[in-house]
Protein chains: 2
Amino acid sequence: MARSTILIADNSCMIRKGLRSILQNLENSEVIQLIDNKEDVCGIVHKRKPDILIINPDMLPGDCLDVKRELFNENKLSLILLSNRKNLKNDLKADGYINYMDGQNTILDMMQEILNKNNKSSFPNKNSETISSREKNILKHIALGLTNKEIADQLFISIHTVVTHRKNITQKLGIKSVSGLTVYAILHNLISMDEVK
Amino acid sequence: MARSTILIADNSCMIRKGLRSILQNLENSEVIQLIDNKEDVCGIVHKRKPDILIINPDMLPGDCLDVKRELFNENKLSLILLSNRKNLKNDLKADGYINYMDGQNTILDMMQEILNKNNKSSFPNKNSETISSREKNILKHIALGLTNKEIADQLFISIHTVVTHRKNITQKLGIKSVSGLTVYAILHNLISMDEVK
DNA sequence: CGGACAATACCTACTTATAGGTATATTATA
DNA sequence: TATAATATACCTATAAGTAGGTATTGTCCG
């Protein structure tokens, strides 16, 4: 089963990071991006196509019909509302609700329920970006800032092999620059920013 | 220089974890405990003796004179108030204030100031990370994935100049790899992840 | 005024990376 | 079991980046 992808959109940096930290306890999911700007929501949702969108109603682009259609009609995406308002359930319909004051267990239970529901339908897959696990590993080393030579030494393979892998990666992903690959690796949780130097 | 210790007390799990995540970017400090229960504050502060207490006023034990004495008289401990109220500064005196909506940089700047004040005794400064605004701009382009040639064309300068800037940047920051520079640029808000390709 | 710094430019020698190939053994999997 | 995909290896040429310099303008500030 592919991991469910989650987007978090909230004005507060602390809330975003805190929620991500809590959600790291979930097995079958990964938070792929945090959004802090109302204007970015539409574009990023379209680009990343998450399975779950956790969003503060304040960030909901009221005028963006595209996202709403995707949210409510196509039913591809689970919508979870994140807010400090108590009576949100009565005002807005969504698949789930998280309050700023909710404890970790409350949040995790609710999320697990959503994940179970989503995976029941068992859609095949859609991620065309299928790089092999070996390639993922190489990519990780690239994003960490190692040279081809260093990667080769570390993995006990020849530099030619590294080069070949690298060629395949850049071709598959359509990303040529090291910075692009680095961002890709971060976004896909291959590395964390702390590790890089 | 010993690392400064920080305690965080707030009702919201998300806020606690989010703030801790943000503060991990600080060099000379570490968050030693998160407190979610008003009753525990006094005891934990006494036991752990942190250098900095970040606390939601709702958690402040109004009846606990010990903590207050330590806070305001002995002046050993820096008090930072954490809240979603805007007008907090007028109501309560503290060494610093964090609003739920504050961005990461705002928070880190404020905290760094507190840390510097506390550590005034020792070292003068250490932020050798002073790259010029021009260098910042070059760095931005590097992190965006442009080649030296492309940067030169875009800024109407010769490729030699770009190379020289690049040399200075890598020397000043001590970061050699493009991926490292990319992460640096993201972390310092020179670019956002979306822009990279 | 004079020194420090920033921005610019150029040079050589050297290292790394990219783009185009070909090729073979192993491993899934239809 | 065939076939596709993966991991491995090597090649040539060319492009790009790094490391070590030097040098000329400005501008800001003590």
Side-chain angles (χ1 to χ4, degrees), chain A residues 1-2 122-186 188 190-191 196-197, chain B residues 124-186 188 190-191 196-197:
Chain A
M1 174 55 62
S122 183
F123 49 99
N125 72 349
K126 56 180 169 150
N127 273 339
S128 61
E129 291 178 349
T130 43
I131 63 174
S132 73
S133 64
R134 185 61 165 182
E135 286 164 345
K136 264 190 200 141
N137 193 19
I138 302 280
L139 173 53
K140 186 174 144 181
H141 285 76
I142 295 171
L144 252 24
L146 304 185
T147 66
N148 290 342
K149 177 78 171 48
E150 289 168 336
I151 298 172
D153 289 347
Q154 205 156 315
L155 299 182
F156 304 106
I157 57 180
S158 99
I159 190 171
H160 306 290
T161 308
V162 178
V163 169
T164 304
H165 281 309
R166 196 159 178 162
K167 261 187 297 189
N168 294 333
I169 293 167
T170 55
Q171 198 174 5
K172 281 184 181 175
L173 299 183
I175 302 172
K176 285 187 313 180
S177 68
V178 178
S179 41
L181 294 172
T182 306
V183 171
Y184 179 95
I186 293 170
H188 289 72
L190 265 33
I191 58 164
V196 187
K197 261 291 117 123
Chain B
N125 72 341
K126 76 164 217 73
N127 267 340
S128 60
E129 288 180 351
T130 43
I131 62 173
S132 72
S133 63
R134 185 61 165 182
E135 286 164 346
K136 263 187 201 145
N137 193 20
I138 302 280
L139 174 52
K140 186 174 146 181
H141 285 76
I142 295 172
L144 252 24
L146 303 184
T147 66
N148 289 343
K149 178 79 172 47
E150 289 168 334
I151 298 172
D153 288 347
Q154 205 156 317
L155 298 182
F156 304 107
I157 57 179
S158 100
I159 191 172
H160 306 291
T161 307
V162 178
V163 168
T164 304
H165 281 309
R166 196 158 178 162
K167 260 187 298 189
N168 294 333
I169 293 168
T170 53
Q171 198 173 5
K172 281 184 182 176
L173 299 184
I175 301 172
K176 284 188 313 180
S177 69
V178 178
S179 43
L181 294 173
T182 305
V183 171
Y184 180 94
I186 292 170
H188 289 71
L190 264 33
I191 58 164
V196 188
K197 260 296 116 123

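Order of the sequence lines sets the chain letters (A, B, ...), proteins ahead of strands, with each chain counted from 1.
Comparing C:dA6, D:dC11, C:dA17 against the side chain of B:K172 picks out C:dA6 as the nearest. When distances run from any side-chain atom of B:R134 to the nucleotides C:dA6, D:dC10, C:dT8, the shortest one goes to C:dT8. The side chain of B:S132 approaches C:dA7 more closely than any other nucleotide in the set D:dA7, C:dA7, D:dA16. Residue A:K167 places its side chain closer to C:dG21 than to any other of C:dA17, C:dG21, D:dA7. Candidate nucleotides D:dA7, C:dA17, D:dC11 were compared by shortest atom distance to the side chain of A:R166, and C:dA17 ranks first. Closest approach to the A:H160 side chain among C:dA9, D:dT18, D:dA9 is made by D:dA9 (side chain taken as heavy atoms from C-beta onward). Distances from the side chain of A:T164 to the nucleotides C:dC10, D:dT8, D:dA16 place D:dT8 closest. The side chain of A:E135 approaches D:dA7 more closely than any other nucleotide in the set C:dT8, D:dG17, D:dA7. The B:S158 side chain lies nearest to C:dA9 when the options are C:dA9, D:dT18, D:dG17.
As a whole-Å value, the separation of B:H165 NE2 from D:dA19 P is 17 Å. As rounded to whole Å, 15 Å separates atom P of D:dA16 from atom CD1 of B:I142. As a whole-Å value, the separation of A:I169 CD1 from C:dT18 C1' is 14 Å. Per the geometry, CD1 belonging to B:I138 stands 9 Å off P belonging to C:dA7, to the nearest Å. Following rounding to the nearest Å, A:N168 (CG) and C:dT22 (P) show an atom-to-atom distance of 14 Å. B:L181 places its CG atom 9 Å from the P atom of D:dT18, with the value rounded to the nearest Å. Atoms CD (A:Q171) and P (D:dT6) sit 13 Å apart, rounded to a whole Å. Between A:H141 atom NE2 and D:dA7 atom C1' there is a gap of 16 Å when expressed in whole angstrom units.
Heavy atoms of other residues, nucleotides or ligands lying less than 6.0 angstrom from CD of A:Q171 number 12 at most.
Between A:H141 and A:N137 the shortest heavy-atom distance is ND1-O, 2.8 Å. Closest approach of B:A143 to A:S179, counting heavy atoms only: O-CB, 2.9 Å. Nearest heavy atoms, A:G180 versus A:S177: N-OG, 3.0 Å.
Annotation: side chain to side chain donor-acceptor pair (under 3.5 Å) contacts of B:N168 (sequence neighbours excluded): none.
Taking OG of B:S133 as the reference point, atom CD1 of B:I138 lies at 10.5 Å (rounded to 0.5 Å). Distance OH/B:Y184 to CG/B:L173: 4.5 Å, rounded to 0.5 Å. Separating the CG atom in B:L139 from the CD1 atom in B:I191 is a distance of 8.0 Å, to the nearest 0.5 Å.
Remark: the B:K176 side chain and the D:dG17 base include no donor-acceptor N/O pair separated by less than 3.5 Å.
Here A:T161 lies in heavy-atom contact (under 4.0 Å) with a base.
Of the side-chain N and O atoms in B:N148, one or more sit less than 4.0 angstrom from OP1 or OP2 of D:dG17.
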Protein-to-nucleotide contact annotation, 5' to 3' order, nucleotides 25-30 of chain D [B base; S sugar-phosphate only; - none; under 4.0 Å, heavy atom]: ------
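Place B:L155 and A:V178 on DNA chain C by their nearest nucleotides, and B:L155 ends up nearer the 5' end.
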